[in-house]
K.L.:
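Okay, here's the structure, questions in a sec.
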Protein chains: 2
Amino acid sequence: MSLSPANAPRPDEDAVLAGDPLDRSKDAFIAHWADMGSSWGVPRSVAEVHALLFIEGRPLCAEDIMERLQVSRGSVSTTLRTLADWGIVTRSRQRGERKEFFEAEQDVWNLLSLIVRARKRRELEPLLAALEDTKAVADDDASADPAALKAHLARLDSMHDALRRLDRLSDRFIGRGGKGLDVAVRLLSSLL
Amino acid sequence: MSLSPANAPRPDEDAVLAGDPLDRSKDAFIAHWADMGSSWGVPRSVAEVHALLFIEGRPLCAEDIMERLQVSRGSVSTTLRTLADWGIVTRSRQRGERKEFFEAEQDVWNLLSLIVRARKRRELEPLLAALEDTKAVADDDASADPAALKAHLARLDSMHDALRRLDRLSDRFIGRGGKGLDVAVRLLSSLL
DNA sequence: ACGAAGTTTCAATTTGTTCTGAAATCGAAG
DNA sequence: CTTCGATTTCAGAACAAATTGAAACTTCGT
């Protein structure tokens with residue numbers, strides 16, 4: 001869906017040669033990473049651009065990405081902004097070039113930490129705030145059956161407590177220059 | 001989703017349930033849980049049904065759900081099957097009733113474990129298998145520049161290793177009757 | 001200050017997903 | 001084995017999300 005299988009090979013050195021096994025392996029990686037992304041609510045094209053930058057391991061400009069993934073200028077621009085907001089892709093100006101270049105975080109644990117951080121901010125924190133409001137609404141209810149009210153609040157609390165604990169935990173992960181997740185996983189692997 | 005034309009968000013909700021503060025609190029919970037679900041790739045109505053069953057804390061039948069959430073029979077059926085597949089909702093027959101009833105897992109840590117288990121199976125494992133294939137494709141490449149090939153394989157490996165470690169870790173979490181996640185979080189909280 | 005190169009924005013469109021509703025199927029009770 | 005209530009299926013309708021493309025904007029060099 002993303003790449004044409006067997007185009008006329010272009011002699012241009014930046015062109016994609018579908019026949020090159022190394023590029024085919026890169027394409028496969030991009031496709032799988034995009035599949036994963038899309039089942040986790042990350043727009044496919046965002047995941048594709050990230051995968052490309054990660055697997056290339058070198059700065060690319062907007063045009064490189066457009067050609068390689070066959071997507072529009074607008075899409076690339078939007079997508080790169082998203083990735084930059086999440087902190088997993090960084091902009092860099094190249095000396096003597098007017099274009100901007102983009103590069104993906106190469107350390108996988110750091111990458112995962114940045115993803116956790118972004119999602120925590122965007123989703124977990126608002127949910128925690130909303131749950132507090134929800135508890136307040138029920139708390140103000142004088143009219144309900146006391147037993148039902150108590151049970152309801154207990155359910156809200158158990159959910160709220162668990163999520164808050166995950167939230168605090170993720171603060172620690174992401175507080176150690178990206179190495180927290182790595183440390184935590186190693187620790188648990190030996191302890192559990 | 002809604003039967004009404006185009007404007008106010010979920011007007012039927014208010015019409016049917018406006019009076020009771022406890023129900024309003026439940027509705028708020030359902031809405032927030034659904035928001036979270038939809039940003040994690042869970043269909044909104046699946047998250048809504050789950051939230052309803054969780055927050056009610058008692059078995060409901062298909063018709064109860066249809067009326068409460070104002071969705072169709074077909075949607076409820078599909079949704080309940082999905083939730084049952086993930087293991088976070090269980091079917092139960094009620095004595096003297098021909099209908100099936102459905103009940104949500106009430107222990108939050110167990111719930112989270114079940115979710116992790118389902119997503120691991122559905123997404124992480126296939127990705128790991130795909131990454132192995134991807135490495136094999138590149139490995140077979142005799143024609144490429146050896147340095148580029150080596151760098152490429154190193155990137156694939158770092159990703160593969162990290163994800164495999166997360167995979168193995170999640171095996172431990174979910175192996176302890178749902179308490180593994182709880183234990184792990186408590187452990188890390190004290191150690192980190 | 002101007003023009004060229006590069007980037008962003010956004011309305012329209014395309015693409016993909018979810019929901020509905022009625023028909024087919026299932027299965028327990030008589 | 002027939003009936004009747006409950007459940008599942010599925011084609012099409014309704015909806016939501018992502019992408020495009022072109023205009024507007026920004027930035028740099030001269």
Side-chain angles (χ1 to χ4, degrees), chain A residues 1-3 14 30-31 34-35 37-52 59-85 89-102 122, chain B residues 1-13 31 34-35 37-52 59-85 89-102 122:
Chain A
M1 194 156 288
S2 45
L3 295 164
D14 289 333
I30 292 167
D35 285 346
S38 76
S39 73
W40 284 81
V42 178
R44 171 164 290 271
S45 66
V46 173
E48 278 181 352
V49 169
H50 173 254
L52 172 61
L60 299 181
C61 69
E63 194 129 349
D64 295 335
I65 297 167
M66 286 172 57
E67 281 172 16
R68 177 66 195 263
L69 300 179
Q70 292 291 297
V71 291
S72 72
R73 222 165 257 295
S75 179
V76 169
S77 170
T78 306
T79 285
L80 286 171
R81 165 189 289 285
T82 303
L83 290 167
D85 286 348
V89 156
T90 52
R91 314 167 103 84
S92 66
R93 309 210 82 110
Q94 207 104 313
R95 239 178 46 94
E97 284 274 12
R98 280 173 68 171
K99 287 190 276 228
E100 273 186 311
F101 283 76
F102 297 85
R122 206 153 30 90
Chain B
M1 176 190 301
S2 172
L3 307 170
S4 47
N7 41 27
R10 314 196 64 83
D12 14 39
E13 213 171 78
D35 285 346
S38 61
S39 72
W40 284 82
V42 178
R44 171 164 288 270
S45 67
V46 173
E48 278 180 351
V49 169
H50 172 255
L52 173 61
L60 299 181
C61 69
E63 195 130 349
D64 294 335
I65 297 168
M66 286 172 58
E67 280 172 17
R68 178 66 194 263
L69 300 178
Q70 292 291 299
V71 291
S72 73
R73 216 166 263 293
S75 180
V76 169
S77 170
T78 306
T79 285
L80 286 171
R81 166 188 288 287
T82 303
L83 289 167
D85 286 347
V89 156
T90 52
R91 314 167 104 85
S92 67
R93 312 209 79 108
Q94 207 104 316
R95 241 177 47 93
E97 285 274 13
R98 277 172 72 170
K99 286 190 276 226
E100 271 185 311
F101 284 76
F102 297 85
R122 207 151 32 89

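This is a predicted model, so every value here is computed, not measured. By convention in this document, chain letters (A, B, ...) are assigned in the order of the sequence lines, proteins followed by strands, and residues within each chain are numbered from 1.
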K.L.:
Report the nucleotide, chosen from dT20(D), dT8(C), dC4(D), that has the shortest atom-to-atom distance to any side-chain atom of E100(A).
P.N.:
dT8(C)

K.L.:
Starting at atom CD of E63(B), determine the distance to atom P of dA6(D), rounded to an integer number of angstrom.
P.N.:
7 Å

K.L.:
Side chain of T78(B): nearest nucleotide among dT18(C), dT9(D), dT7(C)?
P.N.:
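The answer is dT9(D), which lies nearest to the side chain.
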
K.L.:
Round to a whole Å and report the spacing from CE of M66(B) to P of dA22(C).
P.N.:
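Rounded to the whole Å, the gap is 12 Å.
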
K.L.:
Nearest to the V71(B) side chain among dT18(C), dT20(C), dT20(D), which nucleotide is it?
P.N.:
dT20(C)

K.L.:
Where the side chain of R98(B) is concerned, which of dT8(D), dG27(C), dT19(D) is the nearest nucleotide?
P.N.:
dG27(C)

K.L.:
Between P on dT7(C) and CD1 on I65(A), what's the gap in Å once rounded to a whole number?
P.N.:
10 Å

K.L.:
Could you work out which one of dT20(C), dT8(C), dG6(C) sits closest to the side chain of K99(A)?
P.N.:
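Selected nucleotide (nearest to the side chain): dG6(C).
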
K.L.:
So what does R93(B) hit on the nucleic acid, given a heavy-atom distance under 4.0 Å: a base, only sugar-phosphate, or nothing?
P.N.:
nothing

K.L.:
CG of L80(A) versus P of dT8(C): gap in Å, rounded?
P.N.:
8 Å

K.L.:
Measure from the side-chain heavy atoms of R73(A) and tell me the nearest of dT7(C), dC19(C), dA18(D).
P.N.:
dT7(C)

K.L.:
What is the distance, to the nearest angstrom, from the CZ atom on R81(A) to the P atom on dT9(C)?
P.N.:
4 Å

K.L.:
Of all the choices, dG29(D), dT9(D), dT7(C), which nucleotide is nearest to the side chain of S77(B) once you look at every atom?
P.N.:
dT9(D)

